[in-house]
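Take a look at the structure set out below.
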Amino acid sequence: MPNNYNSFNEIDNQLKILSLQKQIYKEHIKLNIKSSKNSLSAINIKSEFKSALQEQVLTFIINNLIKRFK
């Protein structure tokens with residue numbers, strides 16, 4: 001639905017608002033990219049792998065202990 005404008009000032013104001021929204025969206029994208037780069041660093045990947053491995057080992061041990069004591 002197109003907007004109805006009564007003056008050029010209204011059009012200019014709307015264009016300024018849209019321009020600011022565009023800048024905000026660009027900054028959000030930049031922050032998301034930076035956050036993604038940080039989360040994909042070697043240290044973070046190593047720690048995520050380590051915690052996942054520990055969880056799997058603990059699950060395996062607990063399951064085996066439960067089977068033995070049944």
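Remember, it's a predicted structure, so these values are computed and weren't measured experimentally.
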The residue among V57, N63, N64, L58 that forms side-chain contact (heavy atoms from CB on, under 4.5 Å) with F60 is N64

Going by side-chain contact (heavy atoms from CB on, under 4.5 Å), name the residues that satisfy it together with L65, two or more places apart in sequence or in a different chain.
I61, F69

Linking Ile, Leu, Val, Met, Phe, Trp and Tyr through side-chain heavy atoms less than 4.5 Å apart, which residues share a cluster with I29?
I33

Taken in chain and number order and not counting sequence neighbours, the residues that satisfy side-chain contact (heavy atoms from CB on, under 4.5 Å) with I66 are I62, K70

Please name all residues satisfying side-chain hydrogen bond (donor to acceptor under 3.5 Å, both in side chains) with E55, sequence neighbours left out, ordered by chain then number.
none

In short, side-chain hydrogen bond (donor to acceptor under 3.5 Å, both in side chains) pairs touching residues 8-23 with sequence neighbours left out are none

What pairs of residues pass the salt bridge (charged side-chain N to carboxylate O under 4.0 Å, His left out) test when at least one of them lies in residues 28-42, not counting sequence neighbours?
E27-K30

K46: which residues meet the salt bridge (Lys or Arg N to Asp or Glu O under 4.0 Å) condition with it, sequence neighbours left out?
none

Under a side-chain separation threshold of 4.5 Å, the hydrophobic residues clustered together with I11 are Y5, F8, L15

